[in-house]
Amino acid sequence: KEYGVTSEGVVVFLEAALKARGLDPRTAPFTVKMTGGPDGDVAGNAIRIMHREFGEYTRVVGIADGTGSAEDPQGLDLSELMRLVDAGLGIAAFDAGRLGPNGRVLPLDADGGVAARNTLHNRVLADAFVPCGGRPGAVNANNWQRFLTEAGEGSAGVVVEGANLFFTEDAREALSQAAQVLFVKDSSANKCGVICSSFEIAASLLI
């Protein structure tokens, strides 16, 4: 968590996937939705790294985690998100006073809080979705259509899997075929930490 190694790799893949769709996050604003909170190893560091690499072009339009959810079509205030990352706080601690006119924060125990958290990854529209937490098989053969808009497009055109197994293989295949959603699978996207660990082990053995 200190160095955010896994998240470094996730953000590299995110940049490459966005560029493949004609959007350079270093020269133009982009929107991203996430599962996993600012207090999480992968999500928190991903927020930090996106802020470092892309600055104000980063528009995090939705986050869902174990404490609740926050969403804002104009982008959640980055300085407030960084405060939560630094303090190790979940998204329910987001200061509602820093929201735009159409934003909202719903703790899990608020009226509608569970439903908002559990559906955010489908409802919120973004250029990219970066799952960094959540239940395995959250999007599967029985519910993948919920990830689509009424027009039949993906609610995000790019998915970079910072969490393992959030999408099942048949859901990936269906969304790729039906809406041309571009996936960077977990088996590649979040393995930078594993690769670094293997080098550490090899170095220890050599020493």
Side-chain angles (χ1 to χ4, degrees), residues 1-21 23-26 29-72 75-94 117 120-121 124 126-136 138-139 156-167 172 181-201:
K1 183 172 183 178
E2 180 180 356
Y3 296 103
V5 177
T6 298
S7 304
E8 293 280 3
V10 169
V11 175
V12 167
F13 276 113
L14 174 63
E15 180 176 4
L18 288 171
K19 286 181 176 178
R21 286 296 170 89
L23 180 56
D24 185 345
R26 296 184 184 274
F30 70 99
T31 56
V32 59
K33 57 182 174 179
M34 306 174 71
T35 55
D39 58 339
D41 291 8
V42 180
N45 279 306
I47 293 167
R48 186 191 304 278
I49 294 163
M50 287 190 292
H51 181 263
R52 182 194 74 200
E53 293 295 318
F54 312 130
E56 296 301 317
Y57 289 140
T58 305
R59 308 281 170 82
V60 182
V61 292
I63 293 179
D65 69 8
T67 69
S69 63
E71 50 195 278
D72 192 330
L76 296 166
D77 185 86
L78 273 178
S79 61
E80 175 63 3
L81 284 178
M82 289 304 300
R83 180 185 73 82
L84 300 184
V85 171
D86 292 338
L89 296 173
I91 195 61
F94 190 95
R117 188 276 306 273
L120 181 142
H121 65 276
V124 173
D127 296 313
F129 173 41
V130 182
C132 296
R135 295 185 179 90
V139 182
V158 165
V159 176
V160 180
E161 297 182 330
N164 287 320
L165 307 175
F166 192 90
F167 289 81
R172 292 190 195 104
V181 176
L182 174 61
F183 281 86
V184 183
K185 289 179 60 175
D186 50 12
S187 53
S188 295
N190 64 28
K191 294 304 181 283
C192 191
V194 177
I195 293 166
C196 287
S197 295
S198 70
F199 276 103
E200 291 171 357
I201 293 166

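Position 1 is the first residue of the sequence, and the numbers go up from there. Note that the structure is a prediction, hence the values are computed from the model and not measured.
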Inset, instruction - Could you grab the distance from atom NZ of K191 to atom CZ of F13, nearest 0.5 Å is fine? - result: 10.0 Å
Legend entry - Separation of E15 CD from L23 CG (nearest 0.5 Å): 10.5 Å
Inset, instruction - Kindly give the heavy-atom pair with the smallest separation between L182 and A20, and that separation in Å. - result: CD2-CB, 4.2 Å
Legend entry - 4.5 Å side-chain heavy-atom contact, F166 and D186: no
Legend entry - Shortest non-hydrogen contact from V5 toward G193: CG1-CA, 3.8 Å
Inset, instruction - Could you tell me whether a side-chain N or O of S188 sits under 3.5 Å from a main-chain N or O of K185, the two making a donor and an acceptor? - result: no
Inset, instruction - Compare all side-chain heavy atoms of F30 with those of T58 and state whether any distance is below 4.5 angstrom. - result: yes
Inset, instruction - Decide yes or no for F183 and E161: does some side-chain heavy atom of the first lie under 4.5 Å from some side-chain heavy atom of the second? - result: yes
Legend entry - Closest heavy-atom pair and its distance - A128, A156: C-CB, 3.8 Å
Inset, instruction - Kindly compute the distance separating CD1 (I47) from CD1 (I91), expressed to the nearest 0.5 Å. - result: 6.5 Å
Inset, instruction - Please assess Y57 against R26 for the test side-chain contact (heavy atoms from CB on, under 4.5 Å), listing each intermediate value before the final yes or no. - result: CA-CA 7 Å; Y57 289 140; R26 296 184 184 274; 5.7 Å; no
Legend entry - Test item: L89 and P38 side chains (from C-beta on) under 4.5 Å apart, heavy atoms: no
Legend entry - Side chain to side chain, N190 and V10, heavy atoms closer than 4.5 Å: yes
Legend entry - D77 and R83 ion-paired at < 4.0 Å: no
Legend entry - Side-chain donor/acceptor of T35 to backbone N/O of G133, under 3.5 Å: yes
Inset, instruction - Mark yes or no for whether D127, through its side chain, and T31, through its backbone, hold a donor-acceptor pair below 3.5 Å. - result: yes
Inset, instruction - Specify the closest pair of heavy atoms between A43 and G37, including all atoms of both residues, with the distance to one decimal. - result: CB-O, 3.2 Å
Inset, instruction - Please collect all salt bridge (Lys or Arg N to Asp or Glu O under 4.0 Å) contacts where either partner lies in residues 61-70, sequence neighbours excluded, each pair once. - result: none
Legend entry - Gap between atom CD1 of I201 and atom SG of C196 - 0.5 Å precision: 11.5 Å
Legend entry - CE-NE2 distance between M34 and H121, expressed to the nearest 0.5 angstrom: 15.0 Å
Inset, instruction - Check whether any side-chain heavy atom of K19 sits under 4.5 Å from a side-chain heavy atom of P25, and report yes or no. - result: yes
Legend entry - Carboxylate-amine/guanidinium contact K33 E71, below 4.0 Å: no
Legend entry - Atom pair NE2 (H51) and CG (N45), whose distance is rounded to the nearest 0.5 Å: 14.0 Å
Inset, instruction - Look only at the side chain of T6 and the backbone of V42, and say whether a donor-acceptor pair between them is shorter than 3.5 Å. - result: no
Inset, instruction - Please check if the side chain of R21 supplies one atom and the backbone of G157 the other of a donor-acceptor pair under 3.5 Å. - result: yes
Legend entry - Within 6.0 Å of CZ in R135, more than 12 heavy atoms from elsewhere: no
Legend entry - Salt-bridge contact R59-D72 (side-chain N to carboxylate O under 4.0 Å): no
Inset, instruction - Quick one: closest heavy-atom pair of L120 and S69, and the distance? - result: CD1-CB, 4.0 Å
